[in-house]
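Residue numbers start from 1 in every chain, and the chains themselves are labelled A, B, ... in the order their sequence lines are given, proteins ahead of strands. Keep in mind the model is a prediction, meaning the values are calculated, not measured.
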Number of protein chains: 2
Amino acid sequence: MNIGQAAEASGVSAKMIRHYESIGLVPRVDRQDSGYRDYGPEDVHRLGFVRRSRDLGFSLERIRVLLGLWGDPSRTSAEVKALALTHINELEEKARHLQEMATVLRGLSLACDGDERPDCPIIASLETAQKVPTGQVGHNSLLKAPMRKRRARTTGA
Amino acid sequence: MNIGQAAEASGVSAKMIRHYESIGLVPRVDRQDSGYRDYGPEDVHRLGFVRRSRDLGFSLERIRVLLGLWGDPSRTSAEVKALALTHINELEEKARHLQEMATVLRGLSLACDGDERPDCPIIASLETAQKVPTGQVGHNSLLKAPMRKRRARTTGA
DNA sequence: TGTGGGGCTTCCCACTATGGGAAGGTCAAC
DNA sequence: GTTGACCTTCCCATAGTGGGAAGCCCCACA
């Protein structure tokens, strides 16, 4: 089976299959006399595993671990579950972050007339780091690590 | 004011300030005799605007537009609001996507014993594209554009 | 048997946004 | 003058995916 057919069968693009192979995520497959890669059912199966893992948001590095667990007969479901729970927490944290930004912006938008005049609380809020009328959020600076202190300079004149 | 002080005052790292300047997001500032960049209050103000826009998840390209609207006395609040609403929709769509992945995985995790045995519905689900007992979600392949059809080949022998 | 076109190969570049680090110049305090 | 923090530019790295070029392979059809 050529790479194009493996791509269609697995849902992973040929481009990505080559990439996954190049970074060692999936093993190098045999070559035909022509030099074309030759895929068997097992290879396609594995690519499908990768594809579904990606669909659930796993990073390639984590999929590397998942593939290891998949092929390890002495794995425990506890290991798999722990990995999944870690990932779930990360997903939900990111989702919360995005939703919080949306909520802040939603509050500002509600206060914006959206007419022909230039006055706009959205622009005003971006301009100055002040509280926004969201009820409970009240700050713009989310999740950014504080910057390290710099030595004060006597900026002359 | 040197770049380090502008960075601390604005919350944008010196590295990023230089980068923003290099891509034309913020104008090139004057240089001191030493060749050091020299920042004034207006520059810091603008950098703060960029910082807060980033904190709300705006892309640099969209911040370019926002900066244009900010400095445009003939802007309308409708323009700003439209841009904000577009962004809100994108944020919430991404948040939903992440949350949906988390929910699917949560369902699989609930069905996983997490003990010393290898049997694991999480691995099983990644292995084969079958329905998962989540109640309403029931699919793994989310949001991926379908791949274009390829011509079937008579894979000889 | 020749040819056309689609698939395959490798290799490089692009994207987003940010940071690390090197090599070297500048400034201010002591 | 020395020292150390700060500045300069330039290159590289990240994560994941796609675009595209140059060139070879293969097969169907005329």
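Remark: the backbone N or O of A:Gly114 is paired with a side-chain donor or acceptor of B:Ser77 at under 3.5 angstrom.
The residue B:Arg37 sits close only to the backbone: its heavy atoms come under 4.0 Å of sugar-phosphate atoms, none of a base. Residue B:Arg62 is out of contact with every strand shown, counting any heavy-atom pair closer than 4.0 Å.
Here C:dA17 presents its C1' atom at 10 Å from CD1 of B:Ile63, a figure rounded to the nearest Å. To the nearest angstrom, C1' of C:dT18 lies 17 Å from CD of B:Glu21. Protein atom CD of B:Glu8 is 16 Å distant from nucleotide atom C1' of D:dC7, rounded to whole Å.
The shortest distance between the side-chain N/O atoms of A:Ser59 and the OP1/OP2 oxygens of D:dA15 is not below 4.0 Å.
When each of D:dC7, D:dT17, C:dA17 is scored by its nearest atom to the side-chain atoms of A:Arg54, the top-ranked nucleotide is D:dT17. Of the candidates D:dC25, D:dT17, D:dC7, D:dT17 carries the atom nearest the A:His19 side chain, counting heavy atoms from C-beta on.
Interatomic distance, CG of B:Asp115 versus CG of B:Asp113, reported as 5.0 Å (0.5 Å rounding).
Between A:Ser34 and A:Met16, it is A:Met16 whose nearest contact on DNA chain D lies nearer the 5' terminus. Two residues, B:Tyr20 and A:Arg31, neighbour DNA chain C, and the one matched to the more 5' nucleotide by heavy-atom proximity is A:Arg31.
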Exercise for review: Under the side-chain contact (heavy atoms from CB on, under 4.5 Å) rule, what do B:Arg31 and B:Asp38 come out as? Steps first, then yes or no, please.
Suggested key: CA-CA 5 Å; B:Arg31 300 293 181 123; B:Asp38 198 3; over 6 Å; no
Protein-nucleotides 12-15 of chain C N/O pairs closer than 3.5 Å?
none

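Ring geometry for B:His45 against B:Trp70 counts as perpendicular: the plane angle is over 60°, on a 0 to 90° scale with 30° as the lower cut.
Using a 4.0 Å cut-off between a side-chain N of Lys or Arg and a carboxylate O of Asp or Glu, A:Glu127 and B:Arg52 do not qualify as a salt bridge.
Judged by distance alone, the side chains of A:Glu79 and A:Thr76 do bring a donor and an acceptor atom under 3.5 Å apart.
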